[in-house]
Student: 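Take a look at this one; I'll ask things after.
The chains referred to below are lettered A, B, ... by the order of the sequence lines, with proteins before strands, and numbering in each begins at 1.
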Amino acid sequence: MRETEAAETGSVMTAGGERSLTDLDPHVWAVVLGVRTADAAELATEGLRPGSLVSVVARAPLGGPLVVRLGRVRVAVPRAVATGVIVGIRAHGTDR
Amino acid sequence: VNHHGARSSTVDDGLPVVALVGRPNVGKSTFLGRAAGSFVETANAPGTTATLERRQVDVEGRRAWLIDLPGTRSLTDQAVASEPFWRLLGEARPDALLMITDAGDLSRHLPLVLACRDLGLPIVVAANLADEAAARGIEVDAGRLSQLLAAPVHLTNGRRGDGVRAAVADAIRLAEQRVAVRRGRRSPRGTGPASLYGPALELRLDGETRRLQALRSVGAAVADPSGLRRLLDAGLASPRGAASLALAGDLDPRRWQVAAAWAAQVERLRDVRQPLADRVASLVTAPWPGLPIFAGVTGLTFALLVAIGGWLATTLADAWATIVSPPLGGLIAAIAGDSPIGTALVWSLDGGLLSMIAVGIPYVATFYVLLAVLEDSGYLTSAAVLLDRVFNAVGLPGRAAVPLLAAAGCNVPAIYGTRILRTRRERLLGSFLVTLTPCSARTAVVVAALAPFAGVGVALAAFVTAAAITLAAGIGANALIPGRQPNHVLELAPLRRPLAQHVLAKAWARFRGFVVTATPIMLVGSFVLGLVWESGAWDPLAAAIAPVTTGWLGLPPIVGVAIVFAFLRKELALQLLIALAVIEYGIAGADLGAILSPAQLFVFAIVTTISVPCAATLATLAQELGARAAAGITAASLALALAAGGVIARLLGAA
């Protein structure tokens with residue numbers, strides 16, 4: 001399922017339980033279920049909002065940010081912020 | 001295509017104005033450069049444009065101003081100068097908007113298009129980077145998107161110029177129509193596009209529209225803290241457009257929903273292999289192999305700078321000494337004899353130009369080319385993520401890497417670039433570190449002073465030492481300046497193969513600016529220095545600073561004079577030192593290794609790198625942060641340079 005479909009229908013099937021974005025394994029696509037952080041507005045302007053599809057590309061060294069793929073772009077999200085992003089793993093597949 | 005470049009916020013010559021608007025790193029500046037036929041400072045990194053850049057263009061017989069605005073994620077985004085973006089847009093006074101979007105990422109780019117459409121200004125959409133979208137298996141149905149948006153849509157490739165002129169011509173046409181309406185020569189268009197928002201939001205929009213119209217009718221008697229009434233008064237938005245700004249937080253979620261749905265309608269997808277750039281992008285931000293790649297890229301850049309710059313320096317200096325210098329010296333002697341003026345002319349024309357050719361041109365030009373390659377590749381923001389925790393230690397977010405890396409070229413645009421930082425505290429810290437970052441001129445001084453006379457390893461050690469001092473200073477400043485660092489999100493530039501034409505155009509534009517600015521200063525500075533030397537006024541100056549130069553730093557007096565005059569331009573430090581050394585010690589002085597020990601050269605390089613920013617940087621600091629902050633940063637850098645220089649001199653046994 002495409003990100004756009006997820007956002008439009010709001011009815012994405014998830015295979016796993018809710019988890020924080022920081023706990024998502026690399027290269028596994030997940031749906032953003034909720035954003036519980038004071039930085040929600042900034043994340044929203046990047047497109048990281050409920051319904052969007054994300055995957056973790058890399059974790060920067062020394063506790064640095066998570067590099068998250070969002071659509072075709074990569075976004076660095078501080079781990080303290082990523083903790084508040086709740087995701088559910090997509091029902092089918094681990095990559096697009 | 002005719003073009004005239006200038007920096008200005010407003011234009012008032014009757015020509016229609018088209019503003020380029022889009023998210024960061026979508027290629028607006030490149031697009032403007034293509035449309036205008038002239039290079040605009042760009043980098044494959046978000047936040048390159050921090051000021052308004054305008055070009056006058058003549059496309060298909062239509063003349064207009066094109067204005068490049070900083071990238072923004074929404075109209076209310078405060079990413080630049082802590083002002084909502086729509087105020088900056090208002091300053092540009094556009095008659096039409098040319099929306100630059102990423103054809104491969106429309107669901108993230110269309111919300112801004114929809115917000116701009118709500119303002120009531122005519123829009124044209126460029127679905128840019130269409131080639132990269134195609135490489136990822138995404139093709140955009142421009143006709144369908146045009147129907148949905150009720151606006152012209154063009155598929156474009158700004159880097160190669162495909163579709164750019166057609167999009168600009170369309171935008172100018174709409175801007176001309178709006179100008180005609182404003183001047184009463186034409187009736188306004190009928191109804192606008194259909195509403196997206198549903199009854200509840202429409203009701204609120206209507207209410208806010210009426211409130212703003214009422215506010216406008218009572219005039220200046222009522223305060224206008226939001227500035228929306230001024231926007232209306234200037235005719236830069238319709239009443240409903242201004243209301244949409246006031247309710248942006250409520251309207252945005254719906255815009256994102258619509259954008260996602262429309263993107264799904266207009267994108268034709270096909271299965272393709274993931275592009276190599278995307279696969280590499282996944283690797284460069286991970287500790288492994290990202291950190292070794294970073295070390296390799298840094299080392300390779302330095303090695304190329306030393307090798308190419310050194311070869312060019314030797315070749316050009318030899319050519320000057322054998323071909324130009326003898327007849328030039330003879331000519332000056334024939335005209336002015338060996339009078340003080342004649343000697344000063346030799347300083348200026350022979351010594352000054354030789355210094356430019358031996359230091360400025362070889363190392364600065366090489367560095368600009370290497371920097372342009374790194375910028376165009378998009379690698380710099382990936383490196384910034386790897387170093388994010390280092391930036392955090394000095395109170396800065398990862399996005400500070402953009403101005404700090406730009407500072408490696410020149411500190412002046414880098415200080416403008418700190419506008420992408422969100423708070424004054426971050427701007428102060430960022431600007432302080434920018435002034436400590438070796439620019440191309442200081443890099444040239446360090447490499448040219450150390451590599452030939454003390455060895456490449458010593459030159460590399462000087463950069464590592466300067467970086468360590470900068471880091472320590474940043475940690476100290478972070479502790480001293482009150483406040484805390486907020487969390488920020490950074491969009492990473494995509495990795496791209498650098499285009500030779502792009503790289504050379506960028507490097508040439510910067511290098512030309514360097515030569516045009518530095519050469520007169522070098523000629524006049526060398527002439528004045530010659531007069532100072534010949535008149536004997538040099539001795540009191542050298543004596544006045546001798547306690548610091550000789551007593552504290554362990555350097556000969558002439559080195560202190562060179563460092564002081566380097567305030568004009570940093571590359572002067574070495575050029576003047578060579579010129580002074582030749583005067584003081586004869587031709588043998590050109591071999592700095594014969595008059596300064598490796599330890600003394602190391603101290604000279606560190607003090608020059610860290611001490612007082614050059615005149616242009618100081619003026620920019622004062623303009624951007626105020627005279628007090630500029631004075632504070634200058635004093636701090638001077639104190640830091642002297643302290644570090646003295647300590648290093650003692651550690652190395654130079655003092």
Side-chain angles (χ1 to χ4, degrees), chain A residues 1-12 21 26-28 31-32 35 37-85 95-96, chain B residues 23 25 72-74 76-77 79 102 104-108 111-112 132-133 136 138 249 252-253 256-265 267 269 274 278 281-288 290-291 381-382 384-392 397-399 486-494:
Chain A
M1 184 178 283
R2 292 168 43 84
E3 174 187 354
T4 47
E5 292 169 316
E8 177 65 5
T9 63
S11 58
V12 178
L21 184 58
H27 306 294
V28 173
V31 183
V32 176
V35 182
T37 160
D39 303 287
E42 183 172 8
L43 292 174
T45 60
E46 289 294 351
L48 214 161
R49 50 176 70 219
S52 56
L53 285 184
V54 294
S55 76
V56 174
V57 174
R59 290 177 161 80
L62 303 170
L66 295 186
V67 179
V68 172
R69 184 164 287 284
L70 188 65
R72 66 161 283 192
V73 302
R74 294 172 300 148
V75 178
V77 183
R79 290 197 198 196
V81 176
T83 303
V85 178
D95 213 340
R96 288 199 286 182
Chain B
R23 289 181 69 92
N25 205 40
T72 187
R73 301 171 302 176
S74 74
T76 49
D77 199 356
D102 184 340
D105 195 22
L106 285 175
S107 60
R108 290 177 72 246
L112 179 61
E132 292 185 6
R136 288 172 174 80
I138 302 170
D252 269 343
W256 279 83
Q257 276 187 330
V258 171
W262 287 4
Q265 284 189 48
E267 288 176 353
L269 305 180
Q274 189 183 31
D278 286 1
S282 300
L283 301 176
V284 293
T285 46
W288 174 262
L291 286 172
T381 54
S382 295
V385 169
L386 282 175
L387 301 177
D388 185 81
R389 295 301 285 175
V390 178
F391 286 114
N392 289 173
R399 66 166 58 201
N487 289 309
H488 289 309
V489 176
L490 174 71
E491 182 177 328
L492 277 66

Student: Could you report the tightest heavy-atom contact between B/Val489 and A/Glu42, atom names first, then the distance?
Tutor: N-OE2, 3.3 Å
Student: Is any side-chain heavy atom of A/Glu46 less than 4.5 Å from a side-chain heavy atom of B/Arg23?
Tutor: yes
Student: Could you tell me which residues satisfy salt bridge (Lys or Arg N to Asp or Glu O under 4.0 Å) with B/Asp278, sequence neighbours excluded, listed by chain and number?
Tutor: B/Arg136
Student: So what's closer than 4.5 Å to chain A heavy atoms on B/Ser382: side chain, backbone, both or neither?
Tutor: side chain
Student: Can you say whether B/Leu387 sits under 4.5 Å from chain A via the side chain, the backbone, both, or neither, judging by heavy atoms?
Tutor: neither
Student: Sort A/Ala44 into side chain, backbone, both or neither according to what part of it lies under 4.5 angstrom from a heavy atom of chain B.
Tutor: backbone
Student: Quick one: of A/Val57, A/Asp39, A/Val75, A/Thr45, who has the most non-hydrogen atom pairs under 4.5 Å with chain B?
Tutor: A/Thr45
Student: Using non-hydrogen atoms and a 4.5 Å limit, figure out which bit of B/Pro111 sits close to chain A: side chain, backbone, both or neither.
Tutor: neither
Student: Identify, with sequence neighbours excluded, every residue that meets side-chain contact (heavy atoms from CB on, under 4.5 Å) alongside B/Asp102.
Tutor: A/Arg72, B/Val26, B/Asp105, B/His109, B/Leu129
Student: Can you name the closest pair of heavy atoms from A/Ala58 and B/Ser282 and give their distance?
Tutor: CB-O, 4.3 Å
Student: Counting heavy-atom pairs under 4.5 Å with chain B, which one of A/Pro65, A/Ala60, A/Ala82 comes out on top?
Tutor: A/Pro65
Student: Would you mind checking which part of A/Arg74 comes under 4.5 Å of any heavy atom in chain B, side chain (CB onward), backbone (N, CA, C, O), both or neither?
Tutor: both
Student: B/Val390 versus chain A, heavy atoms under 4.5 Å apart: side chain, backbone, both or neither?
Tutor: neither
Student: Taking the side chain as every heavy atom from C-beta outward, state whether B/Leu386 and A/Pro61 have any atom pair closer than 4.5 Å.
Tutor: yes
Student: If you compare all heavy atoms of A/Val73 against all heavy atoms of B/Glu491, which two are closest, and at what distance to 0.1 Å?
Tutor: CG1-OE2, 3.9 Å
